[in-house]
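Structure record follows, encoded as structure tokens.
We use all heavy atoms of the structure for the numbers below, so side chains are in, but hydrogens, waters and symmetry mates are not.
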Amino acid sequence: MALAIERPSGLPDLESRHIVGMRVDATSYEDAARRVAEWAKAGESRYVCVASVNNVMHARDDESYRQIMNAADLVTPDGMPLVWGLKALGVPHATRTYGPTLTPIVCELAAREGIPVAFYGGTPEILERFEANLLQRYPRLRIAYSWPPPFRALTAEEDAQVVRDIRASGARIVFVGLGTPKQEQWMIRRRGELAAVMLGVGAAFDFIAGEKKQAPAWMQSRGLEWLFRLVTEPRRLWKRYLVSNPRYVALFARQLLRTRFLKTG
């Protein structure tokens, strides 16, 4: 199904498709960063999801999560299978918009335009290295708020305090690194509470901090990043890649066949 997503004045509409029931927008690094900056400068409460096959399969299996993803202000194709999916569904110009690459691009733009940012996620050690690496690249970056939440559910008061602290900081872009599905669930609860653009960037904190290695560029461009990550983190990721990925291929193949049958029928 094709959608034309409404955007603020001055920004063009994006082509979008539903891939196995979840919306994905045909954006780019430049386009996504500019949208985030424009929304942030206007003090708009919005959230952006970077989507991989993992997000699509979560959305397939959980109706409430699918609604969260489809209600996002922007859903970028983080993984190459979603780029290929967009192209197969009639968006030939689709390109990858990968969270660990988008994060520094947005930070560079924020530094240049004086937009204060916040970081929520990771561990104290990872967050410290993450911020240090970004500040080394972009010394003018204004980090207004930073907090690594504990690995447990926050109490209602702790959760409310986080919102109060981010509001008081004046941050207009909030990078959220809690992983899927926690970060998307957190962002939709905060929409309307924070005058900021929230970006759920998954493992970007770990990659930029140097905690985890990224796949070589040649593997990323060929859609083989899953294999690199499976080899480096087999115990954590085996189910995602050896069970979810084949399911995705089968479900998308069925969708594509139906789409093409309807066109020719």
Could you tell me which non-hydrogen atom of [X] sits nearest to which non-hydrogen atom of [Y], and how far apart they are?
| X | Y | result |
| --- | --- | --- |
| C107 | L141 | O-CD1, 3.5 Å |
| G121 | L178 | CA-CD2, 4.0 Å |
| M187 | C49 | CE-SG, 4.1 Å |
| P12 | R35 | O-NH2, 2.6 Å |
| A171 | A118 | CB-CB, 3.6 Å |

Shared hydrophobic cluster for [X] and [Y] (ILVMFWY, side-chain gaps under 4.5 Å):
| X | Y | value |
| --- | --- | --- |
| L194 | I143 | no |
| V83 | F252 | no |
| I68 | V50 | no |
| I115 | L135 | yes |
| L102 | V176 | no |

Quiz item: Passes side chain to side chain contact (heavy atoms under 4.5 Å, CB included), E38 versus E44? Steps please.
Solution: CA-CA 9 Å; E38 293 302 314; E44 297 184 26; over 6 Å; no
Self-check item: Student check: side-chain heavy atoms of V162 and P149 closer than 4.5 Å
Solution: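 V162 does not reach P149 side chain to side chain.
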Quiz item: Hey, does V48 have a side-chain heavy atom less than 4.5 Å from the side chain of W39?
Solution: yes
With the threshold set at 4.0 Å, does a side-chain nitrogen-carboxylate oxygen contact exist between [X] and [Y]?
| X | Y | value |
| --- | --- | --- |
| D61 | R247 | yes |
| R164 | E157 | yes |
| R23 | D25 | yes |
| D73 | R191 | yes |
| K41 | E113 | yes |
| R152 | E158 | yes |
| E125 | R129 | no |

Is a donor on one side and an acceptor on the other found under 3.5 Å between the side chain of [X] and the backbone of [Y]?
| X | Y | result |
| --- | --- | --- |
| D31 | L14 | no |
| R142 | G114 | yes |
| Y138 | I105 | no |
| N133 | I208 | yes |
| E184 | G200 | no |
| R190 | R46 | no |

Quiz prompt | More than 12 heavy atoms of other groups within 6.0 Å of E30 CD | solution = no
Quiz item: Does a side chain donor of either N54 or S52 reach within less than 3.5 Å of an acceptor in the other side chain?
Solution: no
Practice problem: Ignoring hydrogens and angles, state whether a donor on the side chain of R258 or Q255 is under 3.5 Å from an acceptor on the partner side chain. | Solution: no
Self-check item: Ring-ring centroid check F119 W147, cutoff 6.0 Å
Solution: no
Practice problem: Report the residue from Y145, F175, W186, F130 that forms a ring-ring contact (aromatic ring centres under 6.0 Å, His included) with Y120. | Solution: W186
Self-check item: side-chain contact (heavy atoms from CB on, under 4.5 Å) partner of T97, the single match among T76, V24, L82
Solution: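 Of the listed options, the one satisfying the test is T76.
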Exercise. Show your reasoning for whether side chain to side chain contact (heavy atoms under 4.5 Å, CB included) applies to R112 and L109.
Key: CA-CA 5 Å; R112 192 163 65 239; L109 187 56; 3.1 Å; yes
Quiz item: L256 and L89: side chain to side chain contact (heavy atoms under 4.5 Å, CB included), yes or no, with the steps?
Solution: CA-CA 7 Å; L256 194 59; L89 293 171; 3.9 Å; yes
